[in-house]
Amino acid sequence: LVLLAAYVGYVGLGAVVLQALERPAEVQAAQRLLQERWERLANHTCLQGPALQRLVQGIIQAYKSGITLQGNSTSLGKWDYSGSFFFSISAITTIGYGNLSPSTAVGRIFCIVFALFGIPLNLIVLNEIGQLMLLGVQHCAHRLEEAFHWQNKASLLMKTFALVTGLLLFLLLPPLLFSEKEGWSYEEGFYYSFITLSTIGFGDYVIGMNPDRTYPRWYKNVISLWILFGMAWLALVIKFCINLLE
């Protein structure tokens with residue numbers, strides 16, 4: 001009962017803080033949107049309210065399907081091989097950004113079957129990668145104990161080294177790449193890194209989705225590997241936090 005009360009209280013506290021931080025911005029955005037809509041209808045008398053609403057809904061639906069307007073043409077490529085590969089990774093890792101999803105009935109059915117077998121496979125792979133990381137840390141700690149006759153110090157030193165190395169490779173350095181390729185700020189890149197590796201996956205920031213930028217072919221493949229190994233590392237960190245809480 002105490003644990004349940006702490007859980008509900010923690011979630012409730014998060015809700016209060018988020019409401020205080022985000023609600024004013026939401027209200028302002030809604031007011032600006034309504035004001036711009038009425039201004040456009042007033043300044044362009046040829047436009048009709050229902051027609052404008054249908055156009056907006058069509059643009060939103062197209063964007064959800066990965067299609068954006070570029071002048072007199074549209075941008076495709078969200079469902080090419082690299083985009084489909086990245087979607088497959090986001091599906092079986094349960095990140096589920098939500099910015100892209102199958103639009104055909106056959107595609108949705110395949111996605112269900114694909115995830116049904118892919119999620120357990122992904123968990124097995126992540127577990128094996130995590131075990132290899134732990135074995136590497138333990139092996140290095142054992143070698144240090146033999147070389148310098150350290151006991152508890154060697155294990156603590158290697159765990160600290162693994163934590164710092166993981167922070168650099170998976171959380172601190174990737175935002176620099178995202179800043180260059182996506183045009184994001186460092187804070188946005190760091191936010192995306194944690195939201196992705198923790199499988200929260202809000203979908204407000206997703207790599208390779210800006211139609212105004214040209215991405216190299218290796219980009220999404222490298223990010224897919226970063227997600228795989230980064231999730232394994234962060235799972236170990238979260239497991240350590242769980243042990244502390246318990």
Side-chain angles (χ1 to χ4, degrees), residues 18 22 25-26 28-30 32-33 36 53-108 110-112 114-115 118-119 122 126 169-231 233-234:
L18 286 171
E22 299 296 331
E26 180 188 35
Q28 291 179 4
R32 286 197 303 267
L33 181 62
E36 183 175 355
Q53 186 67 24
R54 287 194 298 270
L55 175 62
V56 171
Q57 290 176 347
I59 293 174
I60 292 174
Q61 187 61 40
Y63 181 78
K64 289 181 178 180
S65 301
I67 303 172
T68 56
L69 290 172
Q70 288 182 314
N72 294 325
S73 63
T74 57
S75 67
L76 298 174
K78 301 300 185 296
W79 284 111
D80 59 7
Y81 184 79
S82 62
S84 301
F85 185 85
F86 188 73
F87 173 81
S88 299
I89 287 287
S90 68
I92 65 173
T93 55
T94 69
I95 295 173
Y97 289 114
N99 67 305
L100 193 62
S101 58
S103 59
T104 63
V106 178
R108 289 167 181 163
F110 173 77
C111 189
I112 293 172
F114 180 74
I119 292 173
N122 176 73
L126 289 181
L169 291 178
F170 301 121
L171 288 178
L172 298 180
L173 292 180
L176 299 177
L177 175 63
F178 300 141
S179 297
E180 179 184 352
K181 300 299 181 182
E182 305 289 342
W184 299 340
S185 66
Y186 185 86
E187 177 270 329
E188 291 171 329
F190 184 83
Y191 167 80
Y192 167 79
S193 299
F194 182 81
I195 293 300
T196 294
L197 298 184
S198 61
T199 71
I200 295 173
F202 289 124
D204 47 352
Y205 289 92
V206 183
I207 61 106
M209 297 296 292
N210 191 340
D212 298 326
R213 289 182 173 269
T214 303
Y215 300 100
R217 291 182 177 272
W218 53 264
Y219 183 51
K220 287 186 177 180
N221 296 329
V222 169
I223 297 303
S224 298
L225 290 176
W226 166 76
I227 289 175
L228 188 62
F229 286 92
M231 283 180 60
W233 171 80
L234 190 59

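Throughout, residue positions are numbered sequentially from 1 according to the sequence presented. These values consider heavy atoms only, across backbone and side chains, with no hydrogens, waters or symmetry-generated copies.
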Check whether more than 12 heavy atoms from other residues, nucleotides or ligands sit under 6.0 Å from atom CZ of Arg217, and answer yes or no.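 Atom CZ in Arg217 is not packed in, count stays at 12 or less.
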Qualifying residues under ring pair (Phe, Tyr, Trp, His ring centres under 6.0 Å), relative to Phe229, sequence neighbours excluded: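 None.
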Checking [X] now: which residues fulfil side chain to side chain donor-acceptor pair (under 3.5 Å) with it, not counting sequence neighbours?
X: Glu26; value: Arg23
X: Ser185; value: Glu188
X: Thr196; value: Tyr97
X: Tyr186; value: none

With a 4.5 Å heavy-atom cut-off, do [X] and [Y] have their side chains touching?
X: Cys111; Y: Phe87; value: yes
X: Pro102; Y: Phe110; value: no
X: Ile195; Y: Tyr205; value: no
X: Asp204; Y: Tyr192; value: no
X: Thr94; Y: Ile119; value: yes
X: Ile207; Y: Tyr215; value: no
X: Leu171; Y: Leu197; value: yes
X: Phe86; Y: Ser224; value: yes

When you measure from the side chain of Ser90 to the backbone of Gly96, do you find a donor-acceptor pair of N or O atoms at a distance under 3.5 Å?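 No: the side chain of Ser90 does not pair with the backbone of Gly96.
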Look up atom CD1 in Ile227 and atom CD1 in Ile95, then write down how far apart they are to the nearest 0.5 Å.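 The distance works out to 4.5 Å.
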Yes or no on side chain to side chain contact (heavy atoms under 4.5 Å, CB included) for Leu177 and Ile223, after CA distance, side-chain angles and deciding distance? CA-CA 10 Å; Leu177 175 63; Ile223 297 303; 4.2 Å; yes
Between Tyr219, Phe178, Trp218, which is the residue that forms a ring-ring contact (aromatic ring centres under 6.0 Å, His included) with Trp226?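 The ring-ring contact (aromatic ring centres under 6.0 Å, His included) with Trp226 is passed solely by Phe178 among Tyr219, Phe178, Trp218.
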Please list, chain by chain and in numerical order, all residues satisfying side-chain contact (heavy atoms from CB on, under 4.5 Å) with Ile92, sequence neighbours excluded.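 Scan of Ile92 (side-chain contact (heavy atoms from CB on, under 4.5 Å), adjacent residues dropped) gives Phe114, Asn122.
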Closest heavy-atom pair and its distance - [X], [Y]:
X: Val206; Y: Glu182; answer: O-OE1, 4.4 Å
X: Gly107; Y: Thr104; answer: N-OG1, 3.0 Å
X: Lys181; Y: Arg213; answer: O-CD, 3.1 Å

